[in-house]
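See structure below.
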Amino acid sequence: MIKDNLAGIGMTSQRTRSRLVSRLREKGIKEESVLAAIESTPRHIFIDEAMAHRAYEDTALPIGMGQTISQPYIVARMTEILVDSGIMGSVLEIGTGCGYQTSILSQVSFQVYTIERIEALQKLAIERFKALELNNVTYKFGDGFLGWPQYAPFDAIIVTAAPDNIPKALVEQLAVGGRMIIPVSQPSGDQHLILLEKTEDGMSQQDVETVHFVPLLSGTI
Ligand code: SAH
């Protein structure tokens, strides 16, 4: 559970968040730890005030710099897949964005490492981590294609922007028994959410569902 410093006004109420959680249950999310994290996280503080009245709709919203806050269903689904498939000791997230997914991860894992390539977005995300008093989030401004070798190997890796191919460095930084959930752009233009698991003998790969993410881009701005 995280501290909600901003509860009070109608749209931020616990009841509004509970309704979002009910919708996620209807859509098939079952993992109680993930639903509890969503229920206790004030999504409205991760988006612009002008858009805050839509914070508890199950939809992606713009966060500036051409980026988006992911749809709650997708945040829940990706997190649930990681939680259900193994341990959540150290988790690497590529694409901090507004920091909402990071905040959900911080409640279901021991330590979260998160990388963002747009400094202006990262600065805002850091302010939110401080406001929510998240004490298990380590962040970095950089290019997520490279991962974060210093803290590897990771039990889980979540990528919240879509590359054309699974980045090799990220596969290398996965622990044996580790899982990576990542949207991958297909030549057809579709994106498929892929679950990859590193085993003693190699890798296994599973196609989860079709998704829509912003592209994973090289370099920093
Ligand atoms: N996790 C976010 C989703 C953010 S959108 C949420 O909770 O809603 C995806 C983010 O990935 C954007 O902020 C974008 O700037 C970032 N991104 C894209 N390519 C990246 C890269 N190579 N390294 C790090 N971040 C990247």
Side-chain angles (χ1 to χ4, degrees), residues 2 20 24 29 34 37-38 40-48 51-52 54-82 91-109 112-129 131-132 134 137-152 154 156-171 173 180-185 191 193 211-221:
I2 61 178
L20 173 60
L24 297 179
I29 304 297
V34 174
I38 288 183
S40 70
T41 302
R43 189 168 182 257
H44 61 277
I45 73 160
F46 292 86
I47 55 189
D48 195 82
M51 210 85 72
R54 302 190 58 193
Y56 300 99
E57 291 176 17
D58 186 21
T59 181
L61 294 166
I63 57 168
M65 308 292 289
Q67 306 303 316
T68 52
I69 179 171
S70 299
Q71 181 194 5
Y73 168 76
I74 285 294
V75 170
R77 184 80 183 110
M78 291 171 84
T79 312
E80 174 176 75
I81 286 169
L82 292 178
V91 178
L92 174 66
E93 178 192 34
I94 308 299
T96 315
C98 63
Y100 180 69
Q101 170 79 72
T102 321
S103 304
I104 300 298
L105 288 170
S106 86
Q107 296 168 74
V108 297
S109 53
V112 183
Y113 300 89
T114 185
I115 306 176
E116 172 55 52
R117 69 178 284 274
I118 302 179
E119 200 168 17
L121 293 180
Q122 194 218 18
K123 279 199 175 138
L124 291 172
I126 293 169
E127 283 173 19
R128 295 171 184 130
F129 300 152
L132 294 170
L134 304 184
V137 174
T138 308
Y139 44 82
K140 165 167 141 164
F141 170 57
D143 184 348
F145 270 104
L146 309 173
W148 203 339
Q150 186 190 346
Y151 293 111
F154 299 98
I157 299 179
I158 178 167
V159 183
T160 66
D164 293 334
N165 297 291
I166 297 172
K168 210 165 147 246
L170 298 184
V171 177
Q173 291 172 31
M180 170 155 48
I181 186 93
I182 179 168
V184 182
S185 292
Q191 289 176 9
L193 190 60
V211 287
H212 304 281
F213 278 89
V214 294
L216 191 72
L217 301 171
S218 298
T220 55
I221 57 171

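Along the sequence shown, the residues carry numbers beginning at 1. First listed ligand is number 1; within each ligand, the first listed atom is number 1. Everything numeric in this text was worked out from a predicted model, so none of it was measured.
The distance from atom OG1 of Thr160 to atom CD1 of Ile94, rounded to the nearest 0.5 Å, is 8.5 Å. Note that CE of Met65 and CD1 of Ile118 are 5.0 Å apart. Values are rounded to the nearest 0.5 Å.
Taking 4.0 Å as the cut-off, Glu93 counts as a neighbour of ligand 1 on heavy-atom distance. Not a single heavy atom of Gly219 sits under 4.0 Å from any atom of ligand 1.
Protein heavy atom closest to atom 22 (N) of ligand 1, with residue, atom name and distance, is Leu217 O, 2.6 Å. Protein heavy atom in closest approach to atom 14 (C) of ligand 1: Gln67 OE1, 3.3 Å. For atom 16 (C) of ligand 1, the nearest protein heavy atom (residue, atom name, distance) is Glu116 OE1, 3.4 Å. From the protein, the heavy atom lying nearest to atom 1 (N) of ligand 1 is Gly95 O, 3.0 Å. When only non-hydrogen protein atoms are considered, atom 9 (C) of ligand 1 lies nearest to Thr160 O, 3.3 Å. Gly144 N, 2.7 Å is the protein heavy atom nearest to atom 23 (N) of ligand 1.
Side-chain contact check for Leu216 versus Pro167: some heavy-atom pair is nearer than 4.5 Å. No side-chain heavy atom of Ile182 sits under 4.5 Å from any side-chain heavy atom of Ile157.
Near Ser70, meaning under 4.0 Å from any of its heavy atoms, are these atoms of ligand 1: 3 (C), 6 (C), 8 (O). Distances below 4.0 Å separate heavy atoms of Ile115 from the following atoms of ligand 1: 24 (C), 25 (N). Remark: ligand 1 atoms within the under-4.0 Å shell around heavy atoms of Leu121 are 13 (O). Here is the list of ligand 1 atoms found below 4.0 Å of a heavy atom in Thr68: 3 (C), 4 (C), 5 (S), 8 (O). The ligand atoms of ligand 1 that sit less than 4.0 angstrom from a heavy atom of Thr96 are 1 (N), 2 (C). The atoms of ligand 1 that sit less than 4.0 Å from any heavy atom of Val214 are 5 (S), 9 (C). Proximity to Ile118 (heavy-atom distance under 4.0 Å) selects the following atoms of ligand 1: 15 (O). Every atom of ligand 1 with a heavy atom of Pro215 under 4.0 Å away is listed here by number and element: 18 (C).
Judged by distance alone, with hydrogens and angles left aside, the side-chain atoms of Tyr56 form a donor-acceptor pair with the main-chain N or O of His44 at under 3.5 Å. No donor-acceptor distance shorter than 3.5 angstrom exists from the side chain of Arg43 to the backbone of Tyr100, with no hydrogens or angles considered. Formation of a donor-acceptor pair under 3.5 Å by the Gln173 side chain with backbone atoms of Trp148 is found in this model. Checking side-chain atoms of Arg117 against main-chain N and O of Gly219 turns up a donor-acceptor pair under 3.5 Å. Counting only distance, with no hydrogens or angles, the side chain of Gln101 and the backbone of Thr79 share no donor-acceptor pair below 3.5 Å.
With Arg117, Arg43, Glu119 as candidates, the residue nearest to atom 25 (N) of ligand 1 on a non-hydrogen basis is Arg117. Scanning Gln122, Gln101, Lys140 for the heavy atom closest to atom 7 (O) of ligand 1 points to Gln101.
Between Ser218 and ligand 1, not a single N/O pair is under 3.5 Å apart.
Side-chain N/O atoms of Thr102 and Glu93 include a donor and acceptor closer than 3.5 Å.
With Leu92 as the fixed residue, the side chain to side chain contact (heavy atoms under 4.5 Å, CB included) test singles out one of Val112, Thr114, Ile115: Ile115.
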